[in-house]
Amino acid sequence: MIRFLHKVAKPFTSAAQPLINLPKHLKPTRINLSLKSYLKSNPIKTVLLFSDLLRKKISAVDSYSLLYVIKACAKKSLGTEGQQTHTLVIKLGYEPIIFLQTSLMDMYAATTNVADVHTVFDEIPNKNVVCWTSLISAYMRNQKPYRAIEIFRQMQMDGVEPDQVTFTVSLSACADMGALDKGVWIHDLISRKPEFSEDLSLMNALVNMYVKCGDIRKAMLVFDNIRVKDVRTWTSMIIGHALHGQAEEALRLFSTLEEENKLRSSQSRGTKDQLLVPNDVMFIGVLMACSHAGMVEEGKRYFRSMIEEYGIKPRHSHFGCMVDLLCRLGLLKEAYSFILAMPIQPNAVIWRTLLGASGVHGNEELAAVAQSKLRELNASLVGDDVALSNIYAAKGMWEDKIMLRYEMTQRRTPGCSTVEVGKLHS
DNA sequence: GCTAGTGCAA
C-alpha cells in the first residue's frame, strides 16, 4: 500500500475538510505530463511518482495530477490509494471540479462497490450527462442492467439529455437483459439525432443489442446501414448468425470480410490500417457457427487458418468450440486425442463437454476418463457424478453406480443435501 | 503543452 497521508480520513466523512486552497489555474507542469505518460505505460509508476510529489512538493499538486492518479488507481484496482486520493481532493479544495468527481466514480466502480459510486454521485451538486453515464456504467460493471436502465430513465426525468455514450452503455444493458422493447425504445431516441449514426461505437452497441435480443433481421438492417465498419461490427454480426443457427450466413459474412481484405491489400500496398484483420473473438463466432452446423472439415480448416494465417493463439474457448464440434458428431476418440494434444491445460469446461457427449453416445470409458480429469482439476460438480452414474445405470453396471453414489455421499459438503439438489433439478 | 463516462462469446 502506498501511503499518501499520515492520518487517513474516510472521504465520505466530514473529517475531510479542505485545509488549504491552492490556485486552480497553474500552468501545465512537467510532472503532470510524466504522470500522464506513465498512466499509459505503467500506472503504478504514476501512483509512486505522485506519492513522491506529495512529500517533496505538495504545491505542485493540482487537479490534473489528482485526475491522473485517480485514473491510475482505477486501472490497477488500488482501492486504498484511490480512497486516499479522494480524501486529498477534498483536503486540497478540488471537490467542485466535476472531472475529478466523475473519475472518482469510475475509480470506485473499479475498486469497491456501486454504493460508493452512488454516494459520490449524490454529492455532486450539478450533475451533467457524464455523471449520469458514469453511474449507469457502474451498475453495468456490477451486472445490474435493470438498475442501469432505471437510472437511464431517472436521468431523463431529471431533464438531462443522454448523449452517444449514455446510449451505448444503456443499449448494452438492454442486451444483457434481452429486453428488446427497451432496446427499440432507445433505438427510436437515437434515430432522432441523425449525427449519432456516425458514432461507430454506438452503432456496434445497437447491432449487439438486436443480436442478444434475438432480432437478427433488425441487427442485419442496422449492420447494412453502417458505412464504415470495424472488426467489432463484423464480429457481432457473425456471432449473431452463429447464435441463431444461421451457420451459412455467419461463414458467408466471414468470407466477405476476407475477400474485402484481399481486395484492399492488393489496391493499396502496405496500409494495414484499412484492413479489418479478424481477431480471436471473431474466430469464436466462426467456430461456433461450424459447431452448430456440424461442419467438421470447415471447422478444422478455420482453426488451422486462425493459427497459421492469422497468427492467433487459440484460447480455451477456441479449443472448447473444436471439442464441442467433434463431440456433437460423436467423434469422441478424435475429441479425446485433440484434447490430449492441446498446448495449454484443458479446463473443466472442456472435460465436461467430453463427459456430456460420452453420456449421450454411451462411451463409458471416456466418460470415466473425463470424470477423473475433472476430479483432478478439483472442479467436479455433483452434476458430473450424477451424469456418470446414470451412464453406469444405463449400461447395467450397478455395482459401479453404487460405488459412485457412495463416493458422492462421502464427499458431500455440509449444508448442501442431495435432496435439495434433486429438488432444484426436478 | 494536460482534464470525465464507451462495446465484441460462454
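Bear in mind that the values here come from a model prediction, so they are computed numbers and not experimental data. In what follows, chains are A, B, ... by sequence order, proteins preceding strands, each numbered from 1.
Within the cation-pi definition used here (under 6.0 Å to the ring centroid, within 45° of the axis), A:R192 does not qualify as a partner of A:W185. Geometrically, A:K36 does not engage A:Y64 in a cation-pi contact, judged by NZ or CZ lying under 6.0 Å from the ring centre and within 45° of the ring axis.
Using a 4.0 Å heavy-atom criterion, one finds that A:N128 contacts the bases of the nucleic acid, with or without backbone contacts as well. When heavy atoms are screened at a 4.0 angstrom cut-off, A:S134 is found touching the sugar-phosphate backbone but no base atom. Here A:V169 lies in heavy-atom contact (under 4.0 Å) with sugar-phosphate atoms only. Across all strands shown, A:L243 has heavy atoms under 4.0 Å from sugar-phosphate atoms exclusively, and none from any base. Looking at heavy-atom distances under 4.0 Å, A:I124 makes no contact with the nucleic acid at all. When heavy atoms are screened at a 4.0 angstrom cut-off, A:T166 is found touching base atoms of the nucleic acid. Here A:F167 lies out of heavy-atom contact (under 4.0 Å) with every strand. Counting any heavy atom pair closer than 4.0 Å across all strands shown, A:I239 reaches sugar-phosphate atoms only and no base atom.
No N or O donor and acceptor, one from the side chain of A:S317 and one from the base of B:dA10, sit under 3.5 Å apart. Judged by distance alone, with hydrogens and angles left aside, A:N32 brings no side-chain donor or acceptor close enough to the base of B:dG1 to form a pair under 3.5 Å. Side-chain atoms of A:S103 stay outside donor-acceptor range of the base of B:dA4, with no qualifying N/O pair under 3.5 Å.
Atom CG in A:D62 sits about 13 Å away from atom C1' in B:dG1, given to the nearest Å. One atom, NZ of A:K71, and another, P of B:dC2, lie 14 Å apart when rounded to the nearest Å. Straight-line distance from the CG atom of A:L33 to the P atom of B:dG1: 11 Å, rounded to whole Å. Between the CE atom of A:M203 and the P atom of B:dT6 there is a distance of 18 Å, rounded to whole Å. Rounded to an integer number of Å, the gap from A:I186 CD1 to B:dT6 C1' is 14 Å. For the pair A:L325 CG and B:dA9 P, the interatomic distance rounds to 20 Å; values are reported in whole Å. Residue A:L171 contributes atom CG, which lies 15 Å from atom C1' of B:dG5 at whole-angstrom precision. Look at CE on A:M105: it is 11 Å from P on B:dT6, rounded to the nearest Å.
In the set B:dT3, B:dT6, B:dA9, B:dA9 carries the atom at the smallest distance from any side-chain atom of A:R315. Closest approach to the A:I97 side chain among B:dG5, B:dA9, B:dT3 is made by B:dT3 (side chain taken as heavy atoms from C-beta onward). The nucleotide whose nearest atom lies closest to any side-chain atom of A:Y64 is, among B:dG5, B:dT3, B:dC8, B:dT3. Each of B:dA4, B:dA9, B:dG5 was ranked by its minimum atom distance to the side chain of A:L67; first place goes to B:dA4.
A sub-4.0 Å separation between OP1 or OP2 of B:dA9 and a side-chain N or O of A:K212 is present. At the phosphate of B:dC8, OP1 or OP2 sits under 4.0 Å from a side-chain N or O atom of A:N208.
For the pair A:D181 (side chain) and A:V184 (backbone), a donor-acceptor distance under 3.5 Å is absent.
A:Y210 and A:F223 have their aromatic ring centers separated by at least 6.0 angstrom.
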Step by step, would you call A:Y302 with A:L251 a side-chain contact (heavy atoms from CB on, under 4.5 Å)? CA-CA 10 Å; A:Y302 283 121; A:L251 298 177; 3.7 Å; yes

Determine, step by step, whether A:V61 and A:F50 satisfy the side-chain contact (heavy atoms from CB on, under 4.5 Å) criterion, reporting the C-alpha distance in whole Å, the side-chain angles of both residues, the deciding distance to 0.1 Å, and the verdict. CA-CA 8 Å; A:V61 172; A:F50 179 80; 3.9 Å; yes

